[in-house]
Amino acid sequence: MAALLTAAAVAGVLPGVAGARALPLGAPTLPEARATRVLARGVTLTRIQRGVPPAAESYTVSVGFTATQGDADALAMQLAAEGVDARVETITQRAPDDPAPGALGYAVRSGSFATQGDATALRDRLVAAGHSSARVDWTGEDGGATTGPWVVQVLTIDARRFRGSVTPVLGSGVVPGREKVTSIAARLHATAAVNGGYFVVTGADGTEGDLAGVSVVGGRLASEAVAGRTSLVLPNPHGIGARIDAVWTRDTVRSSDGASRELDGVERAPGSIRACGGVGGDQPTLLPKHDFTCADASEIIRYTSLFGPETPSGDGAEAVLDAAGRITALREPRGGPVPVGGSVLAGTGGGGDWLRAHARPGRSIDVRLGVRSATGPLPLRRSLGIVNGGPRLLRAGRPAIDARAEGFVWSDDPEFFWRFGVRRNPRTMAGITRDGRLMLVTVDGHAAGYSVGAGFSEEARIMEALGARDAVNLDGGGSTTMTAGGRLVNRPSDATGERPVGDAIVVRR
């Protein structure tokens, strides 16, 4: 049975987390209560409640966000002519690695309401009048001074003492489809679990459940990298040597006739590259761009049993390979069984042409999957697990938020970084302490009066205070979920309840 170690309202050392101190959120005088449970030898769960319900914050309606003061003033004047009081708020906070000068942008807002219902009524009236982007915001989430409150869950795994595994697991066991973290944890009899990396939510952006960044599960590459984006690397299932690192993939196919070509991706629908950062002719960019789907009409995608029994159908050609890489069939159009122990290479556009020319039955194809981090190659051994994330939060114990480099700053839409990185949202993070402990952390959000969430800079301060040396942001928002001891321990923010996710990090004894 889990043992309760502490329940305190003091700003001392955080029990169960070496070197931790009071969270630097809000004024130093805010109350902070903590309680730690032992889940297994070497595994603790600490719940931190900090702050008090705010007195001065309210609901408001954001009508638009502009890059220039002139456009913001024009929108405010238009609203005034329509009988709506409006104000312009200057957003000054840019990403730490964004070199552009001046303000990030300008938010045009209307109203200040004590209840969400009153703000929603104004929002609905503005949408009916043609302001389709109007939305309700809680000002406590804007990123400025607040009293919170915050609810933080810290799962700490000391690999030197823990006798078990810490591994990424695909929702539903294959790439397509999603599964709730509580379901994954129950299915695997987990001691604890937390949501993992970014993933495709709907089929409109590719394969639902496809990880939007690198994913390695049990040494098998389940998704290619978003070039150079920071990830959680688990070199072995015991958690020893876990690290935060930038990761790239470079995959190729070589026919026995001598021809070679890049392999664009694995275990996903051709043509849809979620978060971009791919290879070849991806449009509109080869750089990372978060929550955006790039396109490429000429690709080769590899499928194995990680995708399930069938490849997706469509125009193009498919080469069917046995376990030794010998081509047993060339199928047109795409779509058909994945051979047991073998694989399928699906080509569209020029990729289909390459397969027709070089993947004739009787030949063989050598598929080379290359995964490397900033610290060196990552051989695809059965012990390896990688969970995608971004941006980096800490490097060598200091804040190092690479938001622009990792695609969280859109040059064509400054509102994106304001909403995703500056404003407070539910968050999930991973960090490594100086003595090698792995921390998986959630911050609840979108719950005024209960927990306000965190922005990127606050995440970095949280992880630094908890004693992390290196840290990365994982998927958050409605995905933020943590289970321990067979139950949900945080409060997911989606109105419909817990969100099914693409993968989870699972702790098992």
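Note that the structure is predicted; figures quoted are calculated from it, not measured.
- Using a distance-only test at 3.5 Å, with no hydrogens or angles considered, a donor-acceptor pair links the side chain of T249 to the main chain of A225.
- Other residues, nucleotides and ligands contribute more than 12 heavy atoms inside 6.0 Å of the CZ atom of R161.
- Considering only heavy atoms from C-beta on, E458 comes within 4.5 Å of L25 through its side chain.
- Open room surrounds CZ on R368; 12 or fewer heavy atoms of other groups in view lie less than 6.0 Å from it.
- When every heavy atom of L39 is checked against every heavy atom of A192, the shortest pair comes out as CD1-CB, 4.1 Å.
- The main-chain N or O of P237 is never found under 3.5 Å from a side-chain atom of S383 such that the two would form a donor-acceptor pair.
- Each of I386, I244, V214 was evaluated against L232; a single residue qualifies, I244, per the side chain to side chain contact (heavy atoms under 4.5 Å, CB included) test.
- Checked by atom type, the side-chain pair D435/T433 shows a donor-acceptor distance below 3.5 Å.
- The one candidate from T46, I48, L45 that meets the side chain to side chain contact (heavy atoms under 4.5 Å, CB included) condition with T36 is T46.
- Using modelled atom types, no side-chain atom of S313 and backbone atom of G335 make a donor-acceptor pair closer than 3.5 Å.
- In terms of heavy-atom proximity, G449 sits nearest to P149 at O-CG, 3.5 Å.
- The cationic group of R491 lies under 6.0 Å from the six-membered ring centre of Y450 and within 45° of the ring axis, placing it in a cation-pi geometry.
- Rounded to the nearest 0.5 angstrom, R254 CZ and R261 CZ are separated by 14.0 Å.
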(Q) Please determine whether side chain to side chain contact (heavy atoms under 4.5 Å, CB included) holds for the pair L155 and V489, giving the CA-CA distance in whole Å, both sets of side-chain angles, and the decisive distance to 0.1 Å. (A) CA-CA 11 Å; L155 182 66; V489 296; over 6 Å; no
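- Distance alone, capped at 3.5 Å, places no donor-acceptor pair between the N388 side chain and the S215 backbone.
- A donor-acceptor pair under 3.5 Å links the side-chain atoms of T311 to the main chain of G336, judged by distance alone.
- Taking the six-membered ring where the residue is Trp, F416 and F420 present parallel rings, their angle staying beneath 30° rather than reaching 60°.
- Of all heavy-atom pairs between I327 and A319, the closest is CG2-CB, 4.5 Å.
- Inspection of the T191 and R508 side chains reveals no N or O donor paired with an N or O acceptor under 3.5 Å.
- Proximity of C294 to P284: side-chain heavy atoms (C-beta onward) are separated by under 4.5 Å at one or more points.
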Q: With salt bridge (Lys or Arg N to Asp or Glu O under 4.0 Å) as the test, would you mind laying out the steps for R274 and D205 before giving the verdict?
A: CA-CA 7 Å; R274 190 62 171 169; D205 293 310; 3.4 Å; yes
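- Salt-bridge annotation for R423 and E141: present, with a side-chain N of the basic residue lying under 4.0 Å from a carboxylate O of the acidic one.
- Taking CG from D97 and CZ from F408, the interatomic distance works out to 11.0 Å, rounded to the nearest 0.5 Å.
- Considering OG1 of T304 and CD of E267, their distance stands at 3.5 Å, rounded to 0.5 Å.
- Under the 4.5 Å side-chain criterion, counting only non-hydrogen atoms from C-beta, F307 is in contact with P312.
- Every pair passing salt bridge (Lys or Arg N to Asp or Glu O under 4.0 Å) that includes a residue from residues 296-315 is listed here, sequence neighbours excluded: R268-E299.
- Heavy atoms only, all atoms of each residue included: P288 and A405 are closest at CG-O, 3.9 Å.
- With sequence neighbours excluded, no residue forms a salt bridge (Lys or Arg N to Asp or Glu O under 4.0 Å) with R461.
- Salt bridge annotation for D137-R419: present, with a cationic side-chain nitrogen under 4.0 angstrom from a carboxylate oxygen.
- When D444, N490, T428 are each tested for a side-chain hydrogen bond (donor to acceptor under 3.5 Å, both in side chains) with T480, only one passes: T428.
- Heavy atoms only, all atoms of each residue included: P500 and F199 are closest at O-CZ, 3.6 Å.
- Residue-environment remark: CZ (R250) stays at or below the threshold of 12 foreign heavy atoms within 6.0 Å.
- For R499 and D475, the salt-bridge test fails: no basic side-chain N is under 4.0 Å from an acidic carboxylate O.
- If you run side chain to side chain contact (heavy atoms under 4.5 Å, CB included) between N473 and each of E406, M463, E459, R392, only E459 comes through.
- Looking at heavy atoms from C-beta onward, T252 lies out of side-chain contact with L263 at the 4.5 angstrom threshold.
- Taken to the nearest 0.5 Å, the CG atom of D210 stands 4.5 Å off from the OG atom of S223.
- Atom CZ of R37 is separated from atom CZ of R47 by 10.0 Å, given to the nearest 0.5 angstrom.
- Neither side chain, D322 nor T328, offers a donor N or O lying under 3.5 Å from an acceptor on the other.
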Q: Show the numbers, then the answer: is there a side chain to side chain contact (heavy atoms under 4.5 Å, CB included) between V200 and T207?
A: CA-CA 7 Å; V200 175; T207 298; 5.9 Å; no
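- Closest non-hydrogen pair, L286 versus G280, comes out as CD2-O, 3.3 Å.
- The backbone N or O of G376 lies less than 3.5 Å from a partner atom in the side chain of S373, making a donor-acceptor pair.
- Using a cut-off of 4.0 Å between Lys/Arg side-chain N and Asp/Glu carboxylate O, E179 and R187 are scored as salt-bridged.
- Contact annotation: the side chain of I432 approaches that of L438 to within less than 4.5 Å [non-hydrogen atoms, C-beta and beyond].
- Using a 4.5 Å heavy-atom threshold, the side chains of H446 and W138 count as separate.
- Under the 3.5 Å distance criterion, the side-chain polar atoms of E224 are left unmatched by any main-chain donor or acceptor of G278.
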(Q) Show, in sequence, the C-alpha distance, side-chain angles and deciding distance for L394 and E464, and conclude whether the side chain to side chain contact (heavy atoms under 4.5 Å, CB included) test is met. (A) CA-CA 7 Å; L394 297 178; E464 185 179 10; 4.2 Å; yes
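- In this model, no donor atom of one side chain and acceptor atom of the other lie less than 3.5 Å apart for R178 and S479.
- In this structure, N236 contributes its side chain and H238 its backbone to a donor-acceptor pair below 3.5 Å.
- Not one N or O on the side chain of Q153 forms a donor-acceptor pair closer than 3.5 Å with the backbone of M482.
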Q: Step by step, work out the side chain to side chain contact (heavy atoms under 4.5 Å, CB included) result for D264 and V279.
A: CA-CA 6 Å; D264 296 87; V279 296; 4.1 Å; yes
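- Atom CD1 of I184 is separated from atom OG1 of T481 by 9.5 Å, given to the nearest 0.5 angstrom.
- Contacts of Y198 classified as ring-ring contact (aromatic ring centres under 6.0 Å, His included), with partners at least two apart in sequence or in another chain: H290.
- Proximity of L380 to L384: side-chain heavy atoms (C-beta onward) are separated by under 4.5 Å at one or more points.
- When atom types are taken as modelled, the side chain of D251 and the backbone of G370 share a donor-acceptor pair closer than 3.5 angstrom.
- Side-chain contact check for I157 versus L440: some heavy-atom pair is nearer than 4.5 Å.
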